[in-house]
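Input: a single structure, listed below in structure tokens.
In what follows, every chain begins at residue 1, and chains take the letters A, B, ... in the order their sequences are listed.
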There are 2 protein chains.
Amino acid sequence: MAQETINQILDAAEDKARTGGYNAFSFREIAKDIGIKSASIHYHFPTKADLAAQLARRYTEKFHTHLLSISESGNDLHQQLSDYANLFYQALRTDQKMCLCGLFAAEMNVLPDDVKKETRLFFETNLQWLETLLNSHEIDNPKNEALKLLAKMEGAMLMAKAFESEDYFQEAIDLSQYK
Amino acid sequence: MAQETINQILDAAEDKARTGGYNAFSFREIAKDIGIKSASIHYHFPTKADLAAQLARRYTEKFHTHLLSISESGNDLHQQLSDYANLFYQALRTDQKMCLCGLFAAEMNVLPDDVKKETRLFFETNLQWLETLLNSHEIDNPKNEALKLLAKMEGAMLMAKAFESEDYFQEAIDLSQYK
DNA sequence: ATATACCTACCTACTGGTAGGTAGTTTTGC
DNA sequence: GCAAAACTACCTACCAGTAGGTAGGTATAT
């Protein structure tokens, strides 16, 4: 089973992609990092587009798992949104890195189609989860409110990166209106 | 006077940088676009870092000019913030491209120091302008409010890119609280 | 016998950057 | 007033390094 290698490849790629985007990771660098040859990565991921698409998909799936566990908690709206914001904050804090799909979104125009598709799926997944949550708490115009919340998360992450301090994320996130 | 060439180089570089970030423009591509040789670009900008730093600086300066003209209008708070949001919206709409510094911010970790510095300056310039505006209209905690507004702008731009539609920007921007 | 998971060796295309040359313009010294 | 020197804004030709990708080989396990 080569699942372990595949995970290692994706881990290394994610690390680099979340630092500088689609052009910031290469087959050679990943190979060097995990101790195999670049040609061997092509065995698992024929093209770079395949690798990046898988990367975005894995990222979205992991994120979705966290979303489900938040909604299953049964906590009140403010707490769930707090936990939600914390998903982004922890990504910043523990990895000192941007949201993978946030970075990909910024580069949307230069991404291969498959990667675009997976990137958009991340945002759609988030919007849907937020909308359901807001709707179940009888918030007006949940669709629009969801979009504003998602934009707030990504914008706050960008502030943290721009000023190179996670604190800016917390300062930019204000969920008091949902209390 | 070679100012014209310099402008052409920066224009071509900005076009590409705003599409895919720091790694999305090369001396050769720019040279080809404007009809000179890549070596000649090095004459005006010794290194890529120099070029990108100048690019960010020019971008910030232009933006700052617009900011000044908004504050000189003497319009009410809501109108000025609307005009402010429109600066970002127009960048999206007319160029179909991301905010240069928003993209650079996402890639902060891989930028040369000079480019980092200029990128941060863009955000500081925005924060300062917003803070002054909010302060003069007796808004509570203007510093924090400024950060939240700036995050909102960049977040909304990211939404527009993620979904490849400018409409998402307008939907994510809601300034009704400042009415 | 076949499939898996790697390998070596190589390809073409492109990257930022440098050395050294040149035509045309401007500045300097007498 | 004019020739020499210097400067500007390009050029050709090249470098080492890296990019994604391919062909074909090999050891191991089923």
- Rounded to whole angstrom units, what separation is found between the CG atom of L51(B) and the C1' atom of dT15(C)? 14 Å
- Message: So F25(B), base contact, sugar-phosphate only, or nothing? Heavy-atom distance under 4.0 Å.
- Response: sugar-phosphate
- Item | Steps toward side chain to side chain contact (heavy atoms under 4.5 Å, CB included) verdict (M159(A), F169(A)) | CA-CA 6 Å; M159(A) 293 305 106; F169(A) 179 86; over 6 Å; no
- Nucleotide dC7(C), atom C1' - distance to CD1 of I34(A) in whole Å: 14 Å
- Query: Given atom CD1 of I41(B) and atom C1' of dT15(C), what is their separation to the nearest angstrom?
  - Reply: 13 Å
- Message: Applying a 4.0 Å non-hydrogen cut-off, can you work out what K37(A) is touching in the nucleic acid: base, sugar-phosphate, or nothing?
- Response: base
- Message: Using a heavy-atom cut-off of 4.0 Å across all strands, would you classify S26(A) as base, sugar-phosphate, or nothing?
- Response: sugar-phosphate
- Query: Looking at F122(A), F123(A), Y84(A), which hits ring-ring contact (aromatic ring centres under 6.0 Å, His included) with W129(A)?
  - Reply: Y84(A)
- Query: Taking only side-chain nitrogens and oxygens of H42(A), does any of them come within less than 4.0 Å of OP1 or OP2 of dA5(C)?
  - Reply: no
- Classify the ring geometry between F27(A) and H42(A) as parallel (under 30°), tilted (30 to 60°) or perpendicular (over 60°). parallel
- Does S38(A) place a side-chain N or O at less than 4.0 Å from the phosphate oxygens OP1/OP2 of dG20(D)? no
- Task: Take atom CD1 of I9(A) and atom P of dA5(C), then tell me their distance rounded to the nearest Å.
- Result: 11 Å
- Message: Without decimals, in angstroms, what is the distance between F45(B) CZ and dA9(D) C1'?
- Response: 13 Å
- With nearest nucleotides of DNA chain D determined for R28(A) and Y43(B) from heavy-atom distances, which residue corresponds to the more 5′ nucleotide? Y43(B)
- Item | Among dA19(D), dA9(D), dC11(D), the nucleotide that comes nearest once only the side chain of H44(B) is considered | dA9(D)
- Under 4.0 Å between a side-chain N or O of S40(B) and OP1 or OP2 of dC11(D)? yes
- What integer distance in Å separates Q8(B):CD from dC10(D):C1'? 13 Å
- K48(B) to F25(B) six-membered ring, cation-pi geometry met (6.0 Å, 45°): yes
- Atom CD1 of I6(A) to atom C1' of dT4(C): distance rounded to whole Å? 11 Å
- Message: Whole angstroms only, please: what is the NZ-P distance between K32(B) and dC10(D)?
- Response: 20 Å
- Task: Using a strict cut-off of less than 4.0 Å between a Lys/Arg side-chain nitrogen and an Asp/Glu carboxylate oxygen, indicate whether R58(A) and D11(A) qualify as a salt bridge.
- Result: yes
